[in-house]
Number of protein chains: 2
Amino acid sequence: MVVKRNTWQREAVRAAMAAETGFVSAQQLHDRLRAEGSTIGLATVYRSLATLVELGEADMLNSPEGENLFRFCSTDHHHHHLICRKCGAAVEIAAAPVERWAQEEAKRHGYSDVKHVIDIFGICAKCR
Amino acid sequence: MVVKRNTWQREAVRAAMAAETGFVSAQQLHDRLRAEGSTIGLATVYRSLATLVELGEADMLNSPEGENLFRFCSTDHHHHHLICRKCGAAVEIAAAPVERWAQEEAKRHGYSDVKHVIDIFGICAKCR
DNA sequence: TTAGGTGCAAAACCTTTGCACACAG
DNA sequence: CTGTGTGCAAAGGTTTTGCACCTAA
């Protein structure tokens with residue numbers, strides 16, 4: 001795992017993610033790829049996604065339903081999402097005020113090495 | 001499920017949670033109870049926790065590791081947590097400004113029925 | 001050539017559910 | 001009594017892993 005090779009499988013996962021507007025689960029991605037005729041395995045989708053997250057090309061978040069959701073992310077600066085509970089469509093939202101708040105709140109309680117999880121779930125206009 | 005009965009099992013779960021300073025998983029709670037000689041079943045721990053969450057006596061959050069974590073919570077108003085990544089110790093934090101921000105941001109993008117997930121992870125003073 | 005990647009199936013993991021029995025109200 | 005709660009085991013779901021084969025570099 002020292003060097004990352006480029007394989008058509010990982011490229012397929014990248015492409016499938018890029019085609020999505022919102023967050024998708026590994027299984028959804030796998031289903032879609034198979035539906036398009038790909039012979040990629042589920043395990044490979046999981047492994048590719050882990051690699052892409054590691055490379056900073058994808059975002060991962062844990063849905064309340066216990067799945068891990070992924071999304072293509074070219075920009076590598078820190079940001080948050082507003083996600084539709086129905087269709088998964090995600091809007092990237094700037095959160096400068098919240099960033100500040102989180103840092104201050106953590107500092108105030110003596111916590112260091114701070115990371116936060118801020119995601120907003122709702123129903124988008126299209127799904128309502 | 002119309003009326004909630006009080007059983008020694010649920011009381012045991014309540015007590016075990018109250019003894020914790022941070023978030024714990026259902027399985028941890030079960031292990032501890034069995035270690036203390038209780039004969040409570042794992043399924044019952046899960047069911048009790050679900051009930052306690054429903055009653056507003058416990059908070060639940062999804063850890064990045066795919067587990068659901070629970071914590072005793074007497075106050076029933078909405079709030080968020082600052083959680084130590086090492087020991088699990090959690091501090092309750094007021095988040096009025098962030099609440100407002102989340103609502104506004106969602107509305108601005110046409111999302112309704114908004115729920116948010118805001119949790120801050122860090123290393124607490126004791127663990128550093 | 002050779003170390004990393006892949007597919008498949010099995011395993012691991014957390015959580016929920018079906019069922020018969022127990023017991024709180 | 002009655003119907004909710006319980007324990008156990010089995011099933012359900014997602015994710016990981018073992019292994020033999022494949023392939024990019």
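Values reported hereafter were calculated over all heavy atoms of this structure, with side chains retained and with hydrogens, waters and symmetry mates removed. Since the model is a prediction, treat every value here as computed from it, not as a measurement. Letters A, B, ... are given to chains in the order of the sequence lines, protein chains preceding strands, and every chain is numbered from 1.
- Side-chain nitrogen and oxygen atoms of B:Thr7 include none within less than 4.0 Å of the OP1 or OP2 phosphate oxygen of C:dC23.
- The distance between atom CG of B:Leu42 and atom P of C:dG18, rounded to the nearest whole Å, is 17 Å.
- The shortest distance between the side-chain N/O atoms of B:Asn68 and the OP1/OP2 oxygens of C:dC14 is not below 4.0 Å.
- In this structure, A:Gln9 does not reach the D:dC22 phosphate: none of its side-chain N or O atoms is under 4.0 Å from OP1 or OP2.
- Closest to the A:Lys4 side chain, of the nucleotides D:dT15, C:dG5, D:dT6, is C:dG5.
- Here C:dG7 presents its C1' atom at 9 Å from NE2 of A:His30, a figure rounded to the nearest Å.
- Sequence order on DNA chain C of the closest nucleotides to A:Ile40 and B:Phe70 puts A:Ile40 first from the 5' end.
- Atom-to-atom, CD of B:Glu11 to P of D:dG5 comes out at 15 Å; the value is rounded to the nearest Å.
- Both A:Val45 and A:Leu52 are assigned to one and the same hydrophobic cluster, defined by single-linkage of ILVMFWY side chains at heavy-atom distances under 4.5 Å.
- Distance B:Leu33 CG to D:dG7 P: 10 Å, rounded to the nearest Å.
- At a cut-off of 3.5 angstrom, the base of C:dG4 holds at least one donor-acceptor pair with the side chain of A:Arg5.
- A:Leu42 and A:Val13 fall into different hydrophobic clusters, where Ile, Leu, Val, Met, Phe, Trp and Tyr residues are linked whenever their side-chain heavy atoms come under 4.5 Å apart, directly or through other members.
- In this model, a donor atom of one side chain and an acceptor atom of the other lie less than 3.5 Å apart for A:Glu99 and A:His80.
- Across all strands, A:Ser25 comes closer than 4.0 Å to no nucleic acid atom at all (heavy-atom distances).
- At whole-Å resolution of the value, CG in A:Asn62 and C1' in D:dT15 are 12 Å apart.
- Atom CD of A:Gln27 and atom P of D:dT14 are 5 Å apart (whole Å).
- A straight line from CH2 of B:Trp8 to P of C:dA22 spans 15 Å, rounded to a whole angstrom.
- Using modelled atom types and a 3.5 Å distance limit, the side chains of A:Asn68 and A:Asn62 yield a donor-acceptor pair.
- Between the side chain of B:Arg47 and the base of D:dG7 there is at least one donor-acceptor pair of N/O atoms closer than 3.5 Å.
- A side-chain donor from one of A:Tyr46 and A:Gln27 sits under 3.5 Å from a side-chain acceptor of the other.
- For the OP1/OP2 pair of C:dT15 and a distance below 4.0 Å, the side-chain nitrogens and oxygens of B:Tyr46 include at least one atom meeting the criterion.
- Atom CG of B:Leu29 and atom P of C:dT15 are 12 Å apart (whole Å).
- Both B:Arg10 and B:Arg34 lie near DNA chain D, and the one whose nearest nucleotide falls closer to the 5' end is B:Arg10.
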